[in-house]
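Here's the structure we're looking at; comments come further down.
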Amino acid sequence: MRIHWHRRDLRVADNRGLADAPGRPVGLFVFDEAVLDHAAPPRVAFLLDALSSLRAAYRDRGSELFIRRGDPANVLSALADDLGVDVVSWNRDYSGLAADRDDRVADVLDEVGVTPQRFHDAICHPPGTITTNAGDPYSVYSYFWKKWRDREKDDPYPVPALADATDETTLPTLADLGFDEPTAELPKAGTAPARGRLAAFLEDDIYRYEEARDYPATECTSRLSADLKFGTIGIRAVDKQVREAIAAAETDSERESAAEFRSQLAWREFYTHVLAFNPEVVTENYKRYEHDIDWEDDPELLAAWKRGETGYPIVDAGMRQLQAEAYMHNRVRMIVASFLTKDLLIDWRHGYAHFRDRLVDHDTANDNGGWQWAASTGTDAQPYFRIFNPMTQGERYDPDAEYIREYVPELSGVEADVIHSWHELSPTQRANAAPEYPQPVVDHSQRREQALDMFEQARGDD
DNA sequence: AGCCTTTTTAC
DNA sequence: TAAAAAGGC
């Protein structure tokens, strides 16, 4: 018999390990340090939900998903012994954080005479397979994208036959695992809801994605981030259907729009490769400046940002959406990240840590990539002098202030043009228009100058 | 995926 | 003369 070990992400959808290797597998999920390390209530809740649907799928097919706690190497060797297992397969982690643990598990299995088989399905092309012609990993996205786009992809894998097995263990609760109930309202996890989200997106939204994706009130994004992170949908299945959608496009604009979405899939892989080759970026700047960046240490401004009470409406709307849904629209993620680093002059690590605590779709590689991009410290990051104006961004991407008013109730009765000129109003005008909504905590144009000074000093320009 | 200043273009 | 494009941080 064979065990398929579902790792800290479940990876149920395109499962090379399940489909390709010989033998009828049972499933195993282990709550271990690597699962609970850096976890947060929304993701643990999402994972438990997905786990419950995954186990139902195993049981429907006469098999079982075993749930265990402890050290994976010990759990795996004990279970392999009990069930007479000769092969254990699992999906690789390329984050650079768990690779050592994977190697250790493989060694232990070898020692007890069980064959470890490692596969991958979190990304289409593993790190090291998309490189410059000189063989180096890419540090510029656009060239990476051209190769990724044109490289042949494996098909999604069929679901294999499963073995007969029984297990009476029940799913742990959040409390068992030491987590509070998430306060945010979460999307439904599992293969079926994930496929539903993909199908809904492909029906129509993908064809206007390019023009609409930056407007948070329009909600024209796929909402697949948590599914891709946990593997309740597979990247190969998504990419295959996206390619079919590109082929089915009726106009150039539709084709380009669907291709733009496909490029977002490649961003995920780009950052996964960056992290695999540079695991230190989790805590260090990717881009080295001459001197340390002299970030400001201001706990009160950081707290105001976290609460969504900065007096910059689009920023506050984003931070409130994060609180309410453990999710934030991608355009708004860029805006709040730029605001934290370039207006509040606070180190991106604080923002990254907060997103890690709150987001249902937090993924080390992608979130770190996003934060370092916004902070101008990352691979292919935005240049330090390109500083978002949070008011202009709000006006451009939420012109009717629909998104802002949805998430910031203090502004729900305020006209869009008042909201978009909040920074220009006098304190009295602000108090009259929305007495409960905060005054701006900083002056953007002044802070912009400070940010430029901070980076020029780090560059050694002075 | 910025913003301000300077230069070029199109009447 | 104003709008568009280009240049630099």
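Residue numbers start from 1 in every chain, and the chains themselves are labelled A, B, ... in the order their sequence lines are given, proteins ahead of strands. FYI, side chains are in, hydrogens and waters are out, and symmetry mates aren't considered; it's all heavy atoms of this structure.
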**Asked** How about A:K342 and A:S376: does a side-chain donor come under 3.5 Å of a side-chain acceptor?
**Response**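 There is such a pair (donor and acceptor under 3.5 Å, judged by atom type) between the side chains of A:K342 and A:S376.
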
**Prompt:** Any side-chain donor paired with an acceptor under 3.5 Å for A:Y207 and A:E250?
**Reply:**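 Not at all, the side chains of A:Y207 and A:E250 share no donor-acceptor pair under 3.5 Å.
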
For [X] and [N], what is the distance between atoms [atom1] and [atom2] respectively, to the nearest whole Å?
X	N	atom1	atom2	result
A:R447	B:dC3	CZ	P	17 Å
A:Q264	B:dA1	CD	P	11 Å
A:E395	B:dC3	CD	P	11 Å
A:M391	B:dC3	CE	P	12 Å
A:H329	B:dA1	NE2	P	11 Å
A:N389	B:dG2	CG	P	10 Å
A:F339	B:dA1	CZ	C1'	18 Å
A:R386	B:dC4	CZ	P	15 Å

**Message:** Distance check, C1' atoms only: C:dC9 and B:dA1, in whole angstrom units.
**Reply:**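 Per the computed distance, 16 Å lies between those C1' atoms.
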
**Request:** On the 0 to 90° scale, with breaks at 30° and 60°, tag the A:F144-A:Y141 ring pair as parallel, tilted or perpendicular.
**Result:**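 Rings of A:F144 and A:Y141: tilted, as their planes differ by 30° to 60°.
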
Would you please confirm or rule out a distance under 4.0 Å between OP1 or OP2 of [N] and any side-chain N or O of [X]?
X	N	result
A:R448	B:dC4	no
A:R396	B:dG2	yes
A:Q393	B:dA1	no

Among [options], the nucleotide that comes nearest once only the side chain of [X] is considered:
X	options	answer
A:M334	B:dC3, B:dA1, C:dC9	B:dA1
A:E456	B:dG2, B:dA1, C:dC9	C:dC9
A:F385	C:dC9, B:dC3, B:dA1	C:dC9

**Request:** Pick base, sugar-phosphate or nothing for A:D214, based on heavy-atom distances below 4.0 Å to the nucleic acid.
**Result:**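 The residue A:D214 makes sugar-phosphate contact but no base contact.
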
**Asked** Do we get A:K147 above A:Y143's six-membered ring, with its NZ or CZ under 6.0 Å from the centre and within 45° of the axis?
**Response**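 Checked: cation-pi criterion not met.
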
**Asked** Under the 6.0 Å and 45° cation-pi test, does A:R43 pair with A:F179?
**Response**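 Cation-pi check for A:R43 and A:F179: fails.
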
